[in-house]
Amino acid sequence: MSQQVRVRFAPSPTGYLHVGGARTALFNWLYARKTGGKFILRIEDTDVERSTQESVDGLLRDMKWLGLTWDEGPEVGGPHGPYYQSQRLHIYQEYARRLVANGAAYPCFCSEEELEAKRQKAEEEHRSVHYDGTCRRLSKEEVDRRVAAGEPHVIRVKVPEKDYVLEDLVRGRVEWKAETLGDFIILRSSGMPVYNFCVVVDDADMQISHVVRAEEHLTNTHRQLILYEALGIKPPVFGHASLILGEDKSKLSKRHGATAVGQYAIDGFLREALINFLALLGWNEGNDREIYSVEELIECFALERISKSPGVFDHNKLIWMNGQHLRALPVEKLVPLVEPFLKNALPDDRRLDNPEILRKLVELIQIKMNVLTDAGPVAESVLRASPPENEEAAAMIATDKSKALFAALAEEFAKCEWVRDGYNAAIKAAGKTAEAKGKDLFMPIRVKITGSCHGPELVGILDVLGRDEVINRLKS
RNA sequence: GCCCCCUUCGUCUAGGGGCCCAGGACACAGCCCUUUCAAGGCUGCGACGAGGGUUCGAAUCCCUCAGGGGGCGCCA
């Protein structure tokens, strides 16, 4: 029973869901889905100053957009709730009380000013900066007296003088020597617990089996191991993936540009593509494969193959990958995805309300898109009659030969059957009349109809525009 | 300053003693295909951080150095 895989994603709602967090969530989710385990979402909102409801809402929205559904957490509940840390304060306080009672933790009355002074002194003397244990040596009588007097205090754990070893799933053996850490705070003077303490209490309470997170937490694990020991609880298995970096090789953050998952949705990326990309940034199957569906990722995923070295977020490659997924999509699935982008770009064009035209249009431009936002400009170039885009184009349609061609073609189009074979034959016939063929035949027609020297397949354009519109444009 | 992690083409990566004078992908360049632009195909460009070991043999194992990153908070 206790063998079941239980993993979690535990964001703090102090901003939007960024791609780094999404990748951590993804690794956990994939592992849960792969093993038939549970994926738990926990909101770490103990920092009341910075946590907001808007962030929570955005987080949930983006997780859903990605399809990273959770088995326990906000909105769905579960047997280990509540899943907001702010609603679990009594639990942390109870655990802290227990630690103080058995002597593993103690109240500390040092003021923030005193501590700051000590920190500075330590830095000047080139010692590592950690708490010197002043209040650890207070007598029980004094402690009781000062607590009773209502003197403000925090709770600190007694850090044992021993080395700690972590067998990390991705990094292997990691060791910390005794004395690299001072007695650290688990309960603030306000009574609010601190991150490292909440995590341990919650992961234990929620029976988390594997903690998979980013490397920035690696050194936190030292503290957490100490807390597990103090609590007498067996720690979960840990795995620390490396960081996602910006182009300048520092930890990816806002200043590197778009890092919000929600922004990628707005920018026309597919959730499958973002997931594929994120999965492959710091994980691979051990071969050359690049394109995976979500189902295939679940099938292939293994924690052991998460890589140790950090990776730069290559926006360019994401765009390419999005194009791969987008082109692999059957038109029926693509149409509803592109539709809002088309209507946004061409709000007044009622042809987009016609399902048949819409379908043909999407079919036509699918190959030209990498992201959904590409649809607007391409569609516009087809749907909207435009004058020649430049002098070269203008010259091409201004010749007598071209004019003769357009006249002949208008006539042919008027009487041909309006299907691909029909207007293909019409073009050929008009070409014969005007003595033009190949590039000299097609290019003037393209320019006359769209105003541009390039764009989607010509017959497809005719198909989308329809007979009347095409003849109109030829005669204009 | 202290602690921890990392180091293969510009970028993502395969590789884990001989299969590697290092393979794939993005980007870039050229060619092919094609009525255009894309898409697709082919070719090219391009890397084992440095120095010491170990070994018949090292990108792969060991040590040192260097570089990069992360953490060191009554933030998470």
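Treat the numbers as computed from the prediction; the structure is a model and nothing was measured. Every chain is numbered from 1 and lettered A, B, ... according to where its sequence line falls, protein lines coming before strand lines.
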Measuring only the [atom1] atom in each nucleotide, how far is [N] from [M]? A whole number of Å is fine.
| N | M | atom1 | result |
| --- | --- | --- | --- |
| B:C48 | B:A58 | C1' | 11 Å |
| B:G69 | B:C33 | C1' | 46 Å |
| B:G15 | B:U60 | C1' | 8 Å |
| B:C74 | B:G16 | C1' | 46 Å |
| B:A47 | B:C12 | C1' | 13 Å |
| B:C45 | B:G1 | C1' | 45 Å |
| B:C65 | B:A25 | P | 40 Å |
| B:G46 | B:G53 | C1' | 31 Å |

Do nucleotides 15-30 of chain B as a string where each nucleotide becomes B, S or -: B if the base has a protein heavy atom under 4.0 Å, S if just the sugar-phosphate does, - if no protein is that close.
S-------BBBBS---
How does protein reach along nucleotides 68-76 of chain B, written 5' to 3' as B (base within reach of a heavy atom under 4.0 Å), S (only sugar-phosphate), or - (no contact)?
-BBSSSBBB
Check the distance between [N]'s [atom2] and [X]'s [atom1] and give it to me in whole angstrom.
| X | N | atom1 | atom2 | value |
| --- | --- | --- | --- | --- |
| A:Met396 | B:U35 | CE | P | 15 Å |
| A:Leu225 | B:C3 | CG | P | 19 Å |
| A:Tyr292 | B:U13 | OH | C1' | 11 Å |

Tell me what [X] touches on the nucleic acid: a base, only sugar-phosphate, or nothing, going by heavy atoms under 4.0 Å.
| X | answer |
| --- | --- |
| A:Glu175 | sugar-phosphate |
| A:Gly455 | base |
| A:Gly323 | nothing |

Any donor-acceptor pair under 3.5 Å linking the side-chain atoms of [Y] with those of [X]?
| X | Y | result |
| --- | --- | --- |
| A:Asp202 | A:Tyr83 | no |
| A:Glu44 | A:Tyr84 | no |
| A:Gln53 | A:Asp57 | yes |
| A:Thr46 | A:Tyr92 | no |

Counterpart residues, salt bridge (Lys or Arg N to Asp or Glu O under 4.0 Å), relative to A:Arg327 (two or more places apart):
none
Mind listing the residues from residues 439-447 of chain A sitting with a heavy atom below 4.0 Å of RNA chain B? Number order is fine.
A:Lys439, A:Phe442, A:Met443, A:Arg446
Heavy atoms from other residues, nucleotides or ligands near [atom1] of [X] exceed 12 (cutoff 6.0 Å):
| X | atom1 | answer |
| --- | --- | --- |
| A:Glu167 | CD | yes |
| A:Glu175 | CD | yes |
| A:Glu435 | CD | no |

Starting from the 5' end of RNA chain B, give me the residue, A:Leu280 or A:Asn370, whose nearest nucleotide shows up first.
A:Leu280
Do you know which of A:Arg171, A:Arg213, A:Lys308 makes side chain to side chain donor-acceptor pair (under 3.5 Å) with A:His240?
A:Arg213
Tell me which pairs pass ring-ring contact (aromatic ring centres under 6.0 Å, His included) where either residue lies in residues 182-202 of chain A, with sequence neighbours left out.
A:Tyr195-A:His217
Pairs where residues 423-455 of chain A contributes a residue and the test ring-ring contact (aromatic ring centres under 6.0 Å, His included) is met, not counting sequence neighbours:
A:Trp418-A:Tyr423
From A:Leu342, A:Thr450, A:Leu346, residue fulfilling side chain to side chain contact (heavy atoms under 4.5 Å, CB included) relative to A:Leu383
A:Leu346
Which base, if any, makes a Watson-Crick or G-U wobble pair with B:G1, both distances under 3.5 Å?
B:C72
